[in-house]
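Single-structure report; data block below.
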Number of protein chains: 2
Amino acid sequence: MALEHAILVSLLEQPGSGYELARRFDRSIGYFWAATHQQIYRVLKRMESDGLIGSRAVAQQDRPDKKEYSVGPLGRAALSAWLHEPIEPESVRHELAVKIRGAAFDDPAALVQEVQRHRRAHADRLAHYLAGELRDFTGPEAPAPLDAGQELQHVVLRGGIAYERMTLAWLDDVIATLRRLGPER
Amino acid sequence: MALEHAILVSLLEQPGSGYELARRFDRSIGYFWAATHQQIYRVLKRMESDGLIGSRAVAQQDRPDKKEYSVGPLGRAALSAWLHEPIEPESVRHELAVKIRGAAFDDPAALVQEVQRHRRAHADRLAHYLAGELRDFTGPEAPAPLDAGQELQHVVLRGGIAYERMTLAWLDDVIATLRRLGPER
DNA sequence: GTGCACATGTAACCTGTTACATGATTGG
DNA sequence: CCAATCATGTAACAGGTTACATGTGCAC
């Protein structure tokens, strides 16, 4: 149940409400583990009843009140135990790859537009990551030296950057291959 | 429901039984879309009752009989329709990345072994992909010229190879970073 | 006769997705 | 007053995981 652990990490980095967690999952940690607010509220409720996290109501001016969650000793222990357990190396789940193989039974060239759309999405994501890296880790505004948490966030972000660059190069290869095969072959 | 489409592609490439599909999902197409035999049998049943695929019993010597599935006109149409629909660019789901960020709240150096285990798994997978590439696409035994289906399988495999190479380099970066942070920092 | 590869399934459970629902407060 | 952002949820369903269950035929 990695969502639980992702939430523990995020709350340890910074306590917050379900809503705030949902927004963090739209950026930051969510780049590597996506979750919607429905999932998050459901799991937060369970984690609280399991005693992993605690909550307190926070009154806010200019905004609705919120319920701020933070990690308790049980939650910290659960995270620690998980960190010391081995996990299975992930298997990728790549729908576009299925489509590309499926193109053999249709018009390969017709997939070019779709692949280009994905290419743009990945180029955008790369630009976004690079901007974040400059802002938080390598730019003049970034703290120096970085603490352990920041170093680790940075190395994960470097993974995202490497992933997007690799993907862009591969999608170019895919587009060239689809074009070469064309509709009449 | 991409499993359905992955099964259609696999059955178009070669008709086969649920068991055979399950083994293909352990290699080949399964590198990009994993599925267990339980899932496959369940979905095959539904696809047959929806008329997408047909089956015939095949008696075998030396082995239990099997039920061979093949794609019907409705299935081909369903695949074609799906190929022309846009899909969302995938979001990655990377449990190890969550662990790495979590290491800030534990001993970073203790994660080194786990990351090395993942590194070995990815190195094995890369070696496996490269052997497959040589066997099926670039070696002296490979057919030349390749047909469209083979070209597309090859470009997908090149994606897998690029992914594993990128991952190995990144995991080296991760290991170096974890070591640099050490237990006492 | 034991283990292995082949072959097909059921059941229970957990996770994830989609749609719906409500309400506060601010700014235009 | 309307849209946007903040804030929290429920319900139904689809998809994936784990455990269990059964049976054939061959090789050692």
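Bear in mind the structure is a predicted one, so any value in this text is a computation, not a measurement. So that the names make sense, note that chain A is the first sequence line, chain B the second, and so on, each numbered from 1.
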So, do B:K45 and B:V43 sit near enough that their side-chain heavy atoms are less than 4.5 Å apart?
no

Whole-Å distance separating the CG atom of B:L3 from the C1' atom of C:dT15
16 Å

Does the side chain of A:H154 come under 3.5 Å of the side chain of A:D136 through a donor N or O and an acceptor N or O?
no

What is the separation between atom CD on B:E95 and atom C1' on D:dT17, rounded to the nearest whole Å?
13 Å

I'd like a table of atom pairs between the protein and nucleotides 18-22 of chain C - only N or O on both sides, under 3.5 Å - with the distance next to each one.
{"from": "C:dA19", "atom 1": "N6", "to": "A:Q38", "atom 2": "NE2", "distance (Å)": "2.9"}

Return yes if some donor-acceptor pair links the side-chain N/O of A:R46 with the main-chain N/O of A:Y41 below 3.5 Å, else return no.
no

Between C:dT17 atom C1' and B:I87 atom CD1, what is the distance in whole Å?
17 Å

If you measure from the Lys or Arg side-chain nitrogens to the Asp or Glu carboxylate oxygens, is any gap between A:K99 and A:E114 under 4.0 Å?
yes

For DNA chain C, whose closest nucleotide is more 5', that of B:R93 or that of B:R42?
B:R42

Numerically ordered, the residues 19-32 of chain A set in heavy-atom contact under 4.0 Å with DNA chain D is A:Y19, A:R23

Atom-to-atom span, CG of B:L44 to P of D:dG16 - whole angstrom
14 Å

Check the distance between C:dT17's P and B:E88's CD and give it to me in whole angstrom.
12 Å

Report yes or no: is the cationic atom of B:R93 (NZ for Lys, CZ for Arg) under 6.0 Å from the centre of the six-membered ring of A:W33, at an angle within 45° of the ring normal?
yes

It should be established whether B:Y41 places a side-chain nitrogen or oxygen under 4.0 Å from OP1 or OP2 of nucleotide C:dT8.
yes

Distance only, no hydrogens: is a donor on one side chain within 3.5 Å (strictly under) of an acceptor on the other, for A:T167 and A:R125?
no

Shared hydrophobic cluster for B:L74 and B:I7 (ILVMFWY, side-chain gaps under 4.5 Å)
yes

Pairs under 3.5 Å (N/O, protein and nucleotides 23-28 of chain C):
{"from": "C:dT26", "atom 1": "OP1", "to": "A:D62", "atom 2": "OD1", "distance (Å)": "3.2"}

For A:S17 and D:dT8, is the shortest distance between a side-chain N/O and OP1 or OP2 below 4.0 Å?
yes

Nearest-Å distance, CD (A:Q60) to P (D:dT5)?
17 Å

Picking from D:dA12, C:dT8, D:dG16, the nucleotide nearest the side-chain atoms of B:K67 would be C:dT8

Centres of the A:H122 and A:W170 rings: under 6.0 Å?
no

Taking a hydrophobic cluster as the set of Ile, Leu, Val, Met, Phe, Trp and Tyr residues connected by side-chain heavy atoms closer than 4.5 Å, whether directly or through intermediates, do A:Y69 and A:F25 fall within one such cluster?
yes

Atom NZ of A:K66 and atom P of D:dC6 are separated, to the nearest Å, by 11 Å

What I want to check is whether the side chains of B:S28 and A:R101 have a donor and an acceptor closer together than 3.5 Å.
yes

Please tell me whether A:S55 and A:E48 have a donor and an acceptor in their side chains that are separated by less than 3.5 angstrom.
yes

